[in-house]
Protein chains: 2
Amino acid sequence: MTLRALRGRWTTLVVRELFAGERTFGDLAAALPALSDKVLSDRLGQLVACGVVVRVREPGWPSRVRYSLTSRGHALRGVLDAMWVWGAAAT
Amino acid sequence: MTLRALRGRWTTLVVRELFAGERTFGDLAAALPALSDKVLSDRLGQLVACGVVVRVREPGWPSRVRYSLTSRGHALRGVLDAMWVWGAAAT
DNA sequence: CTGTATCCTGAACGATACTG
DNA sequence: CAGTATCGTTCAGGATACAG
C-alpha cells in the first residue's frame with residue numbers, strides 16, 4: 001500500500017515540499033523545476049487518490065489551488081525521515 | 001539515494017525476504033513466484049551495487065549462491081518497518 | 001542450480017500546446 | 001494560474017531460451 005502511494009520518481013519530493021506547509025500548484029512547480037506540469041499533475045492526482053493530499057480550489061481569478069497534507073499525509077513523515085536517514089548514513 | 005536503492009516494484013520484498021536470513025537464488029524465486037528470474041537477477045544486482053546485499057558463490061556443483069544483507073542492508077529495517085506501519089494504519 | 005541474453009509490452013516520463 | 005490533451009521517448013517488467 002505504501003509502495004503504491006509513493007510510487008513514482010518524484011512523489012516523495014512533492015510530499016517533502018508539502019511538509020513545509022500549504023503550497024499552490026505554481027509553488028510546487030517552481031520548487032521542482034525538473035518536473036513537468038503534466039507529471040506534477042499526475043502525482044498530485046495520485047496522492048489525492050491515496051488520501052495523502054487535499055486540493056482546495058480558491059474561488060475567483062486568477063485561479064489558485066492550495067494543496068496540503070491530510071493527517072495521513074503527515075504520518076508519512078516518519079517514513080520519509082527514515083529514508084532520508086538511511087540515505088545520509090555513510091556507513 | 002534511498003530511492004535509488006529501493007527503486008523497483010519488487011525490491012522491498014526481496015529485502016524483506018533477506019531480513020529473515022540468508023537465502024539462495026532459488027529460495028528467493030520460490031518465495032516470490034510472481035517475480036521472473038530476470039527481474040530477480042536485476043534487483044539483486046541493483047542491491048549489490050548499492051551495498052545492501054552480498055553474494056557468496058559456493059564452490060562445487062550444483063552451483064549455489066548465498067545472498068545476505070550487509071550491515072547497511074540491515075539498517076533498512078527501520079525504513080521498511082516505517083513503510084509497513086503506514087500502510088497498515090487505517091487512519 | 002544460477003544466472004544472462006533477447007525480445008516484447010506497458011507504464012512512467014518529458015515537452016509542447018491548448019482550455020477554463 | 002492551474003491544469004488537461006496529445007505525442008514521442010525511455011525504462012521497468014514479464015516470457016522464453018539458453019549458458020556456466
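Within every chain, numbering begins at 1; the chains are lettered A, B, ... in the order of the sequence lines, protein sequences first and strands thereafter.
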| query | What residue pairs, at least two apart or across chains, pass salt bridge (Lys or Arg N to Asp or Glu O under 4.0 Å) with a residue in residues 71-91 of chain B? | reply |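 Matches after skipping sequence neighbours: none remain.
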
| Using a cut-off of 4.0 Å between protein heavy atoms and nucleotide atoms, how would you tag nucleotides 15-20 of chain C 5' to 3' with B, S and -? | B----B

| message | Does anything in residues 30-42 of chain A form a side-chain hydrogen bond (donor to acceptor under 3.5 Å, both in side chains)? List the pairs, not counting sequence neighbours. | response |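 Qualifying pairs: A:K38-A:D42.
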
| field | Listed partners of A:R4 passing side chain to side chain contact (heavy atoms under 4.5 Å, CB included), at least two apart | value |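 A:R4: side chain to side chain contact (heavy atoms under 4.5 Å, CB included) contacts with A:R7.
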
| Results of side chain to side chain contact (heavy atoms under 4.5 Å, CB included) for A:L13 - residues two or more places apart only |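 Side chain to side chain contact (heavy atoms under 4.5 Å, CB included) list for A:L13, sorted by chain: A:W10, A:L32.
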
| Once you round to the nearest 0.5 Å, how far does CG of A:L69 lie from CG of A:L47? |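 Answer for the CG-CG pair, A:L69 versus A:L47, is 8.5 Å.
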
| field | Atom pair CZ (B:F19) and CG (B:L80), whose distance is rounded to the nearest 0.5 Å | value |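 Rounded to the nearest 0.5 Å, the CZ-CG separation comes out at 4.5 Å.
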
| request: Specify the closest pair of heavy atoms between B:G8 and B:R43, including all atoms of both residues, with the distance to one decimal. | output: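 For B:G8 versus B:R43, the nearest heavy atoms are CA-NE, 4.4 Å.
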
| request: Quantify the bending of the helix from C:dC1-D:dG20 to C:dG20-D:dC1 as the angle between its end axes, each fitted on five pairs, to 10°. | output: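 That helix has its two terminal axes inclined by roughly 40°.
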
Rounded to whole angstrom units, what separation is found between the [atom1] atom of [X] and the [atom2] atom of [N]?
X     : N      : atom1 : atom2 : answer
A:L40 : C:dA12 : CG    : C1'   : 15 Å
B:R55 : C:dC1  : CZ    : P     : 16 Å
A:L32 : C:dC13 : CG    : P     : 13 Å

| field | Segment of DNA chain D, first to last nucleotide, that comes within the 4.0 Å heavy-atom reach of chain A | value |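 With heavy atoms of chain A under 4.0 Å away, the range is D:dC1 to D:dT6.
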
| field | Positions of residues 8-18 of chain A (non-hydrogen atom under 4.0 Å from DNA chain C), listed by number | value |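 Contacts with DNA chain C under 4.0 Å: A:G8, A:R9, A:W10.
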
| query | Do B:M1 and B:C50 come within less than 4.5 Å of each other through their side chains, counting heavy atoms only? | reply |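 Not touching, per the 4.5 Å side-chain cut-off.
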
| field | Audit row: A:V14, A:Y67, side-chain contact (heavy atoms from CB on, under 4.5 Å) steps and yes/no | value | CA-CA 10 Å; A:V14 172; A:Y67 289 94; over 6 Å; no

| task | Report the residues that fulfil side-chain hydrogen bond (donor to acceptor under 3.5 Å, both in side chains) with B:T24, sequence neighbours left out, ordered by chain and then residue number. | result |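 Here the qualifying residues are B:D27.
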
| request: Apply side-chain hydrogen bond (donor to acceptor under 3.5 Å, both in side chains) to B:S68 and list each qualifying residue two or more places apart in sequence or on a separate chain. | output: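 With sequence neighbours excluded, B:S68 shows a side-chain hydrogen bond (donor to acceptor under 3.5 Å, both in side chains) to no residue whatsoever.
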
| Do any of residues 20-27 of chain B sit with a heavy atom less than 4.0 Å from DNA chain D, and if so which? |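 Contacts with DNA chain D under 4.0 Å: none.
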
| query | Within the structure shown, what part of the strands sits under 4.0 Å from A:R66 by heavy-atom distance: base, sugar-phosphate, or nothing? | reply |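 The residue A:R66 makes no contact with any strand.
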
| said: Applying side-chain contact (heavy atoms from CB on, under 4.5 Å) to B:L76 and B:V52, what does each step give before you reach the verdict? | reply: CA-CA 8 Å; B:L76 275 173; B:V52 171; 3.8 Å; yes

| said: Would a single hydrophobic cluster contain both A:L3 and B:V85, if residues Ile, Leu, Val, Met, Phe, Trp and Tyr are joined by side-chain heavy-atom contacts under 4.5 Å? | reply: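 B:V85 and A:L3: separate clusters.
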
| message | For C:dG3 and B:Y67 - does any side-chain N or O of the residue sit under 4.0 Å from the phosphate oxygens OP1/OP2? | response |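 So the side-chain polar atoms of B:Y67 do come within 4.0 Å of the phosphate oxygens OP1 or OP2 of C:dG3, strictly under.
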
| Residues in salt bridge (Lys or Arg N to Asp or Glu O under 4.0 Å) with B:R66, at least two apart? |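 Per chain and number, B:R66 pairs via salt bridge (Lys or Arg N to Asp or Glu O under 4.0 Å) with B:E22, B:E58.
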
| task | Just do the side-chain contact (heavy atoms from CB on, under 4.5 Å) check on A:T11 and A:Q46 with the steps written out, would you? | result | CA-CA 9 Å; A:T11 312; A:Q46 164 188 326; 3.8 Å; yes

